Number of protein chains: 2
Amino acid sequence: MKTDVKPDRRSRDNARVTITDLSQALNLTKGTVSRALNGYPDISETTRVRVIRAAQAMGYRPLSQAQAIKTGRSCSLGLVIELSEHDAHRPFLAEFLAGLTQAASKEGWTLTIATSECEGDTLGIMRDLVHNRKADGFILPRVLWNDRRIAFLERENTPYICYGRANNHQNTSYFDARSESSMSEAVAMLAGLGHKRIAYIGSASHYAYSHLRRDGYRAGLQSAGLDIDPALMIEELLCPEEAAKATRQLLSTNHPPTAILCATDMLARGVYDFANSIGLKIGSDLSVVGYDGSPEARAMWPRLATFSVDNRKAGAALGEMFIARVRNMDAPLQQELIAAEFCPGGSVGAPAKTPDALAQHMSRLLADHMSFD
Amino acid sequence: MKTDVKPDRRSRDNARVTITDLSQALNLTKGTVSRALNGYPDISETTRVRVIRAAQAMGYRPLSQAQAIKTGRSCSLGLVIELSEHDAHRPFLAEFLAGLTQAASKEGWTLTIATSECEGDTLGIMRDLVHNRKADGFILPRVLWNDRRIAFLERENTPYICYGRANNHQNTSYFDARSESSMSEAVAMLAGLGHKRIAYIGSASHYAYSHLRRDGYRAGLQSAGLDIDPALMIEELLCPEEAAKATRQLLSTNHPPTAILCATDMLARGVYDFANSIGLKIGSDLSVVGYDGSPEARAMWPRLATFSVDNRKAGAALGEMFIARVRNMDAPLQQELIAAEFCPGGSVGAPAKTPDALAQHMSRLLADHMSFD
DNA sequence: AGAAACTCCGAAACCGGTTTCGGCAACGGG
DNA sequence: CCCGTTGCCGAAACCGGTTTCGGAGTTTCT
């Protein structure tokens, strides 16, 4: 049953210096060294610096596994990725992980990740991870408006940091992009180009960001002195296909919009798909703006104007916030916001000169393509 | 310095059942229980089943951290993601991680991930990870033709499994998609539509897959009875911009290709960009086929025909193979291949009827757009 | 000067496991 | 019947840390 070979000790363990090595070199006991390094008050300052110096010189790094069995802390932060049907967080993942692991390793921490198929699983997986000391707490990506994970972790007294602002975000530490500002900004830009009828295509309202972006859109309209027309807002869309249908609906009216603002790039793709299918020229016949700065935005033609968030920075900030929080659970909440950067693209332009002509053009096109579903 | 509150024990540790609990319930010593569970030969079969039964009944799960300090195994598999400049592995990541973590958690393992900026860092990071018992070994994504990681891990006697086939893949365990077959398949399909001049746009040759796909392209041409024309092959391309330039070069000749086969979807995007910029209609004027099945492929218009690999399955297979390997380092190498699935798209069609006319059309278009760089 | 308080460190228990060693009992052979 | 195996388990050391306890030496106070 057991592998009878174990020459690995040769090449694997030789370099590791243990606390016993350190204590012998210093002529102290393990206990004293441990207390010196962990900031106990009953160690003289001279001894402490002596220990710390020697630890650095000898390259001593405590084995987090060994610490964990006594302290319960394994110095690893957890991330449970939910693979819900129409998740849009994929492209960001690599950059986000880069930021996270970077911040983590700077403090000697590591990142443990798991995946889950649904929200219910997530809670169980998180419980197991902290129970088995595989994670000391969690980064919560893609926060929902009413997020069960928050209540759960609060109840379990497990540290966490949110990426996004939940409904009750006053009581949580979070990091987020100010996407509502981006939406307002987009409306202002479109209005500046002369657009009067700017539609909004939003995603499922259980996502926290949906609320913020919708509100940003509305605020943008008000600032621009434009009316809020409910007929120009379609929400709860999950995938490009649904966004395509919504686009058709928006353009089939008597007063179709000349620009469509999308909550995500993924939804903007649906707008493109429909526009392409009926031969509408994006950027001239119809302006489109997305949000996320995803790779897909650059793959579209003309390039989709969008807002990209620096996900590496987000990951790094979340990692730092988390570790700080674990180190002091009583510290005040940390809440940080950044702005997404606008990425111009050929998808925006001035509205067609004569809106009526445009409407006729569209209705004719639509009549030709009634079969589209 | 230390947090003086520790009521967490209440809600965190209460459920955990230790090996001592188990041994007391069974009226055995810890040592006996441990040996019974770990398959030592000096335990009677009756005792063993009694222990295993009780362990299951009481929900005993050994704390991997505690095991690790003695055995050196932490039951976590490592993944170091290299964020090189023009990495194309982002879209796959989520699905790939899903497969990996799924396979891992099935065996009670977890996934520790780290990121690195360059190849040199990767080796150091891997060394640290195994040194600190954060990982028992590694999955190597995006294997290079001559991969330093392989030699390194081999030297360090650390288990690993490759995702991809390196130059010396005879001596490694790997999982991979048979992308060379996909390339041949694509050529066959294009030839079947009547294409005679099929170009190939390949990526950097330090990637292992570049060699395979190029060879697949060549084999496909031979099978179709077409000549291999070096003028129709441009390789070592890293980004869409370079692919766009290559496309221009290919189309500027006297006998331009009517179809372009791309080693990756990312490169196909460059072909689209150039074609769009000069008003070429993809699917009729020029056929394009990619590889990867990335989200970008669906964002392009017309949709890019491509080959998608089931990255979740790949992750799951790699995870299983890895754990099996760790459990028995002396087992024979495992080598597994799957086929990528063809995803049709509007980017392929029959070649233009009169190639000469097409060439003239192109040269005229190109003349109009000499400024393109 | 003596008692009280304080500083600082050693000794040892502990965490949750694994692994070595030795011995008791049953068994088999001569 | 005695002795050498063998099977099976307990005892105890160990892994690399943390944490409690107590006591020796020094300082402070009266």
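The structure displayed is predicted, hence computed values, not measured ones. Because only heavy atoms are used, hydrogens play no part in the values below, and waters and symmetry mates are left out as well, while side chains stay in.
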Original post:
Axis-to-axis angle across the helix from C:dA1-D:dT30 to C:dG30-D:dC1, five pairs an end, to 10 degrees?
Top reply: 50°

Subject >> Min side-chain heavy-atom separation A:Tyr163-A:Phe96 under 4.5 Å >> reply: yes

Original post:
Atom CG of B:Asn38 to atom P of C:dG17: distance rounded to whole Å?
Top reply: 11 Å

Original post:
With sequence neighbours left out, what residues match A:Glu45 under side-chain contact (heavy atoms from CB on, under 4.5 Å)?
Top reply: A:Arg48, A:Val49

Original post:
Which atom names give the shortest non-hydrogen contact between A:Gly59 and A:Val17, and what distance separates them?
Top reply: O-CG1, 3.5 Å

Original post:
Residues in side chain to side chain donor-acceptor pair (under 3.5 Å) with A:Thr20, at least two apart?
Top reply: none

Original post:
Just by protein heavy atoms under 4.0 Å, how would nucleotides 23-28 of chain D read 5' to 3' in B, S and -?
Top reply: ------

**OP:** For A:Arg148, check salt bridge (Lys or Arg N to Asp or Glu O under 4.0 Å) against everything at least two apart and list the hits.
**Re:** none

Subject >> Atom-to-atom span, OH of B:Tyr40 to C1' of C:dG17 - whole angstrom >> reply: 11 Å

**OP:** Report which part of the nucleic acid B:Thr18 touches: base, sugar-phosphate, or nothing (heavy-atom distance under 4.0 Å, all strands).
**Re:** sugar-phosphate

Side chains of residues 97-111 of chain A: which donor-acceptor pairs under 3.5 Å do they make with residues two or more places apart or in other chains?
{"from": "A:Thr101", "atom 1": "OG1", "to": "A:Leu97", "atom 2": "O", "distance (Å)": "2.9"}
{"from": "A:Thr101", "atom 1": "OG1", "to": "A:Ala98", "atom 2": "O", "distance (Å)": "3.1"}
{"from": "A:Thr101", "atom 1": "OG1", "to": "B:Thr115", "atom 2": "OG1", "distance (Å)": "2.5"}
{"from": "A:Ser105", "atom 1": "OG", "to": "A:Thr101", "atom 2": "O", "distance (Å)": "3.3"}
{"from": "A:Ser105", "atom 1": "OG", "to": "A:Gln102", "atom 2": "O", "distance (Å)": "3.3"}
{"from": "A:Lys106", "atom 1": "NZ", "to": "A:Glu320", "atom 2": "OE2", "distance (Å)": "3.4"}
{"from": "A:Glu107", "atom 1": "OE1", "to": "A:Arg327", "atom 2": "NH1", "distance (Å)": "3.4"}
{"from": "A:Glu107", "atom 1": "OE1", "to": "A:Arg327", "atom 2": "NH2", "distance (Å)": "3.3"}
{"from": "A:Thr110", "atom 1": "OG1", "to": "B:Lys134", "atom 2": "NZ", "distance (Å)": "3.2"}

**OP:** Answer yes if the side chains of B:Thr122 and B:Glu82 hold a donor-acceptor pair under 3.5 Å, and no otherwise.
**Re:** yes

Subject >> Atom-pair distance (NZ on A:Lys30; C1' on C:dG10), nearest Å >> reply: 13 Å

Subject >> Contacts of B:Leu337 that satisfy side-chain contact (heavy atoms from CB on, under 4.5 Å) - sequence neighbours left out >> reply: B:Arg165, B:Tyr174, B:Asp176, B:Arg178

Subject >> Value rounded to 0.5 Å, distance of CD1 in A:Ile150 from SG in A:Cys162 >> reply: 4.0 Å

Original post:
For B:Arg61, which residues count as a side chain to side chain donor-acceptor pair (under 3.5 Å) partner, sequence neighbours excluded?
Top reply: none

**OP:** Please name all residues satisfying side chain to side chain donor-acceptor pair (under 3.5 Å) with A:Thr32, sequence neighbours left out, ordered by chain then number.
**Re:** A:Thr29, A:Arg35

Subject >> Residue list, side-chain contact (heavy atoms from CB on, under 4.5 Å) with A:Lys313, at least two apart or on another chain >> reply: A:Asp310, A:Ile338

Original post:
Rounded to the nearest Å, what distance is computed from the CZ atom of residue B:Arg133 to the P atom of nucleotide C:dG17?
Top reply: 17 Å

Tabulated below should be each protein N or O lying under 3.5 Å from an N or O of nucleotides 5-9 of chain C; please produce it.
{"from": "C:dC9", "atom 1": "OP1", "to": "A:Ser44", "atom 2": "OG", "distance (Å)": "3.4"}
{"from": "C:dC9", "atom 1": "OP1", "to": "A:Thr47", "atom 2": "OG1", "distance (Å)": "2.3"}
{"from": "C:dC9", "atom 1": "OP2", "to": "A:Ser44", "atom 2": "N", "distance (Å)": "3.0"}
{"from": "C:dC9", "atom 1": "OP2", "to": "A:Ser44", "atom 2": "OG", "distance (Å)": "3.4"}
{"from": "C:dC9", "atom 1": "OP2", "to": "A:Thr47", "atom 2": "OG1", "distance (Å)": "3.3"}
{"from": "C:dC9", "atom 1": "N4", "to": "A:Asp42", "atom 2": "OD2", "distance (Å)": "2.9"}

Original post:
Taking DNA chain C as the partner, which of residues 58-71 of chain A come within under 4.0 angstrom of it by heavy atom?
Top reply: A:Ile69, A:Lys70

Original post:
For the pair made of CG in A:Leu22 and P in D:dG16, what is the distance, rounded to whole Å?
Top reply: 13 Å

Subject >> Test item: side-chain donor near acceptor, A:Ser74 and A:Asp136, under 3.5 Å >> reply: yes

Subject >> Length of the line joining B:Ile19:CD1 and D:dC15:C1', which is rounded to integer Å >> reply: 14 Å

**OP:** Please report, rounded to the nearest Å, how far the P atom of C:dT18 is from the CZ atom of B:Arg73.
**Re:** 11 Å

